[in-house]
There are 2 protein chains.
Amino acid sequence: MNIGDVAERSGLPAKTIRYYEDIGFICPARSANGYRQFAQKDLHKLTFVGRARSLGFTIEDCRTLLALYEDRGRASADVKRVAQQNLADIDAKIADLQDMRATLSHLVTSCAGDGRPDCPILDTLGGAPKA
Amino acid sequence: MNIGDVAERSGLPAKTIRYYEDIGFICPARSANGYRQFAQKDLHKLTFVGRARSLGFTIEDCRTLLALYEDRGRASADVKRVAQQNLADIDAKIADLQDMRATLSHLVTSCAGDGRPDCPILDTLGGAPKA
DNA sequence: GCTTGACCTTCCACCAACTGGAACCCTTAT
DNA sequence: ATAAGGGTTCCAGTTGGTGGAAGGTCAAGC
């Protein structure tokens, strides 16, 4: 398979696939003309990484997960630990965003949004700095 | 005020303040020794930007908001539009994260997390790629 | 007067995770 | 012959800063 095929099947842009090679996720063979020749296994790994990324795992998480994936004897507890950490990170992000949302939504609601200049949003942002 | 004072009062690291000067948010005077000399107005603007950033506004949003802030005649509708867009972005991010969270949480729950190698998390990530 | 330590300065490099673009090669069809 | 549509490399840019080196400045203590 050439990079275009793999891109289509994995759903990742070709650029990203080259990048993933760069950082050592895959190491496809090369044919005589220099084109990358992908094996099923490469496609598999790329799809794996694509899914993990879409679930919010970082690249380093993916590296860990790939190693666990390749290790037939790994304990599921190791995988679960990575996933749980990720879950906690996601929860923290959601909480942050919900805080922001609450404040901002309050400000938006209180702003008339008309042609006059008085605006509680700017007033709040520009409130007196501490001492 | 020197940069250290402004850092403390605005809550922003000195590095960040220099960066904000770089990108044109402020333009503090300089004293004979080359030190930045911050006026109240600079502190004000930095605090403004710090608050806006903590509400998830991008740097470019901040640029817009600062301009509106400085413009005594602006319409509050202009500000509201920026804030509403930000709110929509935040909502989209929250929805994304909640999707991730649901999937991942399901996977984590279904994984035994013991010493055995079978792991539904990896099984799902590694499932057969499309045709 | 000298040193010490806390400040300040600039500049350059780096982080994540790609993405865009230039300049060029390979293959196939017309 | 040439044009379209692959592929290749490499360099630079994105966002919003952060870390560190190398060096200038200032105030206090001895």
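An angle of 40°, rounded to 10°, separates the two end axes of the helix from dG1(C)-dC30(D) to dT30(C)-dA1(D), each defined over five pairs.
Shown here are the side chain to side chain contact (heavy atoms under 4.5 Å, CB included) partners of Ala112(A), two or more places apart in sequence or in another chain: Asp114(A), Arg116(A), Ser76(B). Considering only residues two or more places apart in sequence or on other chains, Asp78(A) meets the salt bridge (charged side-chain N to carboxylate O under 4.0 Å, His left out) condition with Arg81(A). Residues passing the side chain to side chain contact (heavy atoms under 4.5 Å, CB included) test with Tyr69(A), sequence neighbours excluded: His44(A), Phe48(A), Leu122(B). Legend: residues meeting side chain to side chain contact (heavy atoms under 4.5 Å, CB included) with Thr58(B), ordered by chain and number and at least two apart, are Glu60(B), Asp61(B). Applying the side chain to side chain contact (heavy atoms under 4.5 Å, CB included) criterion to Ala14(A), with sequence neighbours excluded, gives Ile3(A), Arg18(A). Annotation: salt bridge (charged side-chain N to carboxylate O under 4.0 Å, His left out) contacts of Asp99(A) (sequence neighbours excluded): none.
Applying the ring-ring contact (aromatic ring centres under 6.0 Å, His included) test to residues at least two apart or on different chains, none of the pairs has a partner in residues 71-93 of chain B. Screening residues 86-97 of chain B for salt bridge (charged side-chain N to carboxylate O under 4.0 Å, His left out) gives Arg101(A)-Asp91(B) as the qualifying pairs, with residues at least two apart or on separate chains.
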Strictly under 3.5 Å: I want the nitrogen or oxygen pairs between protein and nucleotides 1-4 of chain C, one per line.
none

Name each donor-acceptor pair under 3.5 Å that joins a side chain in residues 29-38 of chain A to protein atoms two or more places apart or in another chain, with its distance.
from, atom 1, to, atom 2, distance (Å)
Arg30(A), NH1, Gly34(A), O, 3.0
Arg30(A), NH2, Glu21(A), OE2, 3.4
Ser31(A), OG, Asn33(A), OD1, 3.1
Ser31(A), OG, Tyr35(A), O, 3.3
Asn33(A), OD1, Tyr35(A), N, 3.0
Arg36(A), NE, Glu21(A), OE1, 2.4
Arg36(A), NH2, Glu21(A), OE1, 3.3
Gln37(A), OE1, Met1(A), N, 3.2
Gln37(A), NE2, Asn2(A), OD1, 3.0

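Going from atom CG of Asp22(B) over to atom C1' of dC11(C) covers 11 Å, rounded to whole Å. Summarising the geometry, the separation between CG on Leu12(A) and C1' on dT19(C) is reported as 14 Å, rounded to the nearest angstrom.
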Scoring nucleotides 2-16 of chain D by protein non-hydrogen atoms under 4.0 Å (B base, S sugar-phosphate only, - none) yields ----BSBBB-----B
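Proximity of a side-chain donor or acceptor of Arg63(A) to a complementary backbone N or O of Ile23(A) within less than 3.5 Å is detected.
Contact annotation: Thr16(A) side-chain N/O to dA17(C) OP1/OP2 distance is not under 4.0 Å.
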